[in-house]
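Beneath this line is the structure, given in structure tokens, with notes to follow.
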Amino acid sequence: MRERRIRILLSKPGLDGHDRGVKTLTLALRDEGFEVIYTGLRQTPAAIVKTAIEEDVDVIGMSCLAGNHRFLSSEVLELLAQKGITDRLVIMGGIIPDEDIPKLKDIGVKAVFGPGSKVADVVNYQRQCEELIEGDLCL
């Protein structure tokens, strides 16, 4: 048994105001035993990174439904790199076209959960990562 639960930060970056999915995921992950921090709507990449550092999270999850997922994820990853933080798992969810998934993974997003993904898919992915958290954090 782990000494501490995996800490997951979920956020809604940009101007997207649709948060039903991320709120559902927040509750589902919490119910599965993860410690989840939800930042709320309209977060900037800088605010996401600041909160991730302050809360000492293991995972940063972003939900994007407004088409700005590539810009926002690259900004978050760049800010993390500037601060020398390389051990956070960054995942994305939302309306993300299939052709953008390889581009997101190329810049460092480890998993993408697009339309049709089930909450169980995210939970199962986090469970797999939980087993590796002491090692390389599913990197």
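Along the sequence shown, residues are numbered consecutively beginning with 1.
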Are [X] and [Y] connected, step by step, through hydrophobic side chains (Ile, Leu, Val, Met, Phe, Trp, Tyr) whose heavy atoms are closer than 4.5 Å?
{"X": "Ile8", "Y": "Leu41", "value": "yes"}
{"X": "Leu9", "Y": "Leu77", "value": "yes"}
{"X": "Val22", "Y": "Val59", "value": "yes"}
{"X": "Met62", "Y": "Leu80", "value": "yes"}
{"X": "Leu104", "Y": "Phe113", "value": "no"}

Can you name the closest pair of heavy atoms from [X] and [Y] and give their distance?
{"X": "Leu15", "Y": "Asn68", "result": "N-ND2, 4.5 Å"}
{"X": "Val57", "Y": "Arg88", "result": "O-NE, 2.7 Å"}
{"X": "Thr51", "Y": "Thr39", "result": "CG2-CG2, 4.1 Å"}
{"X": "Phe34", "Y": "Arg127", "result": "CZ-NH1, 3.4 Å"}
{"X": "Met92", "Y": "His69", "result": "CE-CB, 3.6 Å"}
{"X": "Ile6", "Y": "Asp58", "result": "CA-OD2, 3.4 Å"}

Is [Y] close to [X] at the side-chain level, that is, under 4.5 Å between some pair of heavy atoms?
{"X": "Gln126", "Y": "Ile91", "answer": "yes"}
{"X": "Lys110", "Y": "Tyr125", "answer": "yes"}
{"X": "Arg42", "Y": "Lys12", "answer": "no"}
{"X": "Pro13", "Y": "Cys64", "answer": "yes"}
{"X": "Val76", "Y": "Val49", "answer": "yes"}
{"X": "Ile107", "Y": "Ser73", "answer": "yes"}
{"X": "Ile37", "Y": "Thr26", "answer": "no"}
{"X": "Leu79", "Y": "Ile85", "answer": "no"}

Quick check for you: to the nearest 0.5 Å, what is the distance between [X] atom [atom1] and [Y] atom [atom2]?
{"X": "Ile96", "Y": "Ser63", "atom1": "CD1", "atom2": "OG", "answer": "8.0 Å"}
{"X": "Lys50", "Y": "Lys83", "atom1": "NZ", "atom2": "NZ", "answer": "10.0 Å"}
{"X": "Ile60", "Y": "Leu10", "atom1": "CD1", "atom2": "CG", "answer": "10.5 Å"}
{"X": "Asn124", "Y": "Lys118", "atom1": "CG", "atom2": "NZ", "answer": "11.5 Å"}

### Query
Could Arg30 and Glu35 be called an ion pair, given the rule that one side-chain N must be under 4.0 Å from one carboxylate O?
no
### Query
Do the charged groups of Arg7 and Asp56 touch, with an N to O distance under 4.0 Å?
no
### Query
So, Asp121 side chain and Ser117 main chain: donor-acceptor pair closer than 3.5 Å or not?
no
### Task
For Asp16 and Leu65, indicate whether the former's side chain and the latter's backbone hold a donor-acceptor pair under 3.5 Å.
yes
### Message
Exactly one of Leu25, Leu27, Asp19 should register a side chain to side chain contact (heavy atoms under 4.5 Å, CB included) with Lys23. Which one does?
### Response
Asp19
